[in-house]
Amino acid sequence: MPEGHAIHRFARLHRSRLAGRRFSAASPQGRFSDGAARLDGRRLDAVDAAGKHLFYRWEGGLTLHVHLGLYGKFRVFDGDPPAPSPNTRLAISDHDVTLYLSGPADCSLVDPDEEEGIRARLGPDPLADGHAGAARFATLLARRSVPVGAALLDQKVAAGIGNVYRAELLFLEGIDPRRRAASIDDQTAHRLWERTVAEMRRGERAGRIVTVDPADIGARSRRGLDPDERLYVYHREGLPCRRCGDAVVRHESAGRWIWSCPGCQPA
DNA sequence: GCTGCATGATGAA
DNA sequence: TCATCCTGCAGCA
């Protein structure tokens, strides 16, 4: 679940539901006991997102850094929460609301230097920077010798893109993932960035990744798209392309699977 | 009940 | 390029 759209959505939801409250904090799993003890009894002031990273600002100048990685999950409950699972890394609660965090790749208190170090490793963020990130993205992309599919997963090139978006964005722009990043001309790179901004904003709003234009599937459902109608190529190997009918293909890119349409994304 | 996978990232080789 | 870490759950027997 957690590409940048989900992280920014968590920041927005946690900001509105949790910020301004004073929490008791604990680490049921025990692996964040020291940190939880320092947060216990403090007020959460603000929540910021950068790429796939979250920063929770606490009373007294403490900052909690959370990166969900592949497995991390938040659960929020109003009123009486169920018992936390044994792997709950962090639990914060007051009388009205409870947040459980399990499986994060990182959950730690960071000082300003450490936060700066994390941010320094990130390229422009489509959701935080919007159009303003385009030029920097184009410059970074042009400097990469790797295939564009791999470059898009590199958080130093664009912060927040993950395996679903990279495949879908390259489909939408008609770019074969195996083309060298440096071969993408400046205008195409700008278009790719603007597409990224638009699609990730859409995903942030929807709470899920949806890239299809309803016109391409013959928009029939008033309830919205079925789960397997939301994407063009991701996990659709062997199925006909929604645009041209060619069979979607799967190949490896940066150690992960990527999907593309040979007809819509010519080499 | 067990297995394998998943929208991530890092450090060593 | 490989191994490793972080969990939960769908899909199977």
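To find a chain, count down the sequence lines: A is the first, B the second, and so on, and within it residues start at 1. Side chains are part of it too, since the values below use all heavy atoms of this structure and drop only hydrogens, waters and symmetry mates.
- When the P atom is used for both B/dC5 and C/dA3, the distance is 15 Å, rounded to whole Å.
- A gap of 14 Å separates the P atoms of C/dC5 and B/dA13, to the nearest Å.
- If you check the side chains of A/Asp106 and A/Ser108, you find a donor sitting under 3.5 Å from an acceptor.
- Comparing the P positions of C/dG11 and B/dT7 gives a spacing of 15 Å, expressed to the nearest Å.
- Side chains of A/Arg75 and A/Thr88: no donor on one and acceptor on the other come within 3.5 Å.
- Here the side chains of A/His5 and A/Arg205 are not in contact, with every heavy-atom distance at 4.5 Å or above.
- The distance between atom OH of A/Tyr71 and atom C1' of B/dG8, rounded to the nearest whole Å, is 9 Å.
- For the pair A/Glu168 CD and B/dT7 C1', the computed distance is 11 Å after rounding to whole Å.
- Using a 4.0 Å heavy-atom distance criterion, A/Gln29 is classed as a sugar-phosphate-only contact.
- No side-chain donor-acceptor contact under 3.5 Å links A/Tyr234 and A/Asn163.
- Along DNA chain C, the stretch of nucleotides lying under 4.0 Å from any heavy atom of chain A spans, 5' to 3', C/dC6 to C/dC9.
- With sequence neighbours excluded, the residues forming a ring-ring contact (aromatic ring centres under 6.0 Å, His included) with A/His53 are A/His65, A/His67, listed by chain and number.
- The CG-P distance, from A/Leu54 to B/dG8, rounds to 14 Å in whole Å.
- Judged by the 6.0 Å distance and 45° axis criteria, A/Arg243 is positioned over the aromatic ring of A/Tyr232.
- For the side-chain contact (heavy atoms from CB on, under 4.5 Å) criterion with A/Arg144, the lone passing option out of A/Ile184, A/Asp154, A/Leu152 is A/Asp154.
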Can you pull every protein N or O that's under 3.5 Å from an N or O on nucleotides 9-13 of chain B?
residue : atom : partner  : partner atom : Å
B/dA9   : OP1  : A/His67  : NE2          : 3.2
B/dA9   : OP2  : A/Lys52  : NZ           : 2.9
B/dT10  : OP1  : A/Arg121 : NH1          : 3.2

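- One atom, NZ of A/Lys73, and another, P of B/dT7, lie 12 Å apart when rounded to the nearest Å.
- Taking the six-membered ring where the residue is Trp, A/Trp193 and A/Phe137 present tilted rings, their angle falling between 30° and 60°.
- Mapping A/Pro104 and A/Arg75 onto DNA chain C by nearest heavy atom places A/Pro104 at the nucleotide closer to the 5' end.
- Following rounding to the nearest Å, A/Ile258 (CD1) and B/dT7 (P) show an atom-to-atom distance of 11 Å.
- In this structure, CG of A/Leu70 is placed 6 Å from P of B/dG8, rounded to the nearest angstrom.
- As the counterpart of B/dT7, no nucleotide is assigned, since no Watson-Crick or G-U wobble pattern has both distances under 3.5 Å.
- The pair A/Arg57-A/Asp48 meets the salt-bridge criterion, with a side-chain N (NZ, NE, NH1 or NH2) lying under 4.0 Å from an Asp/Glu carboxylate O.
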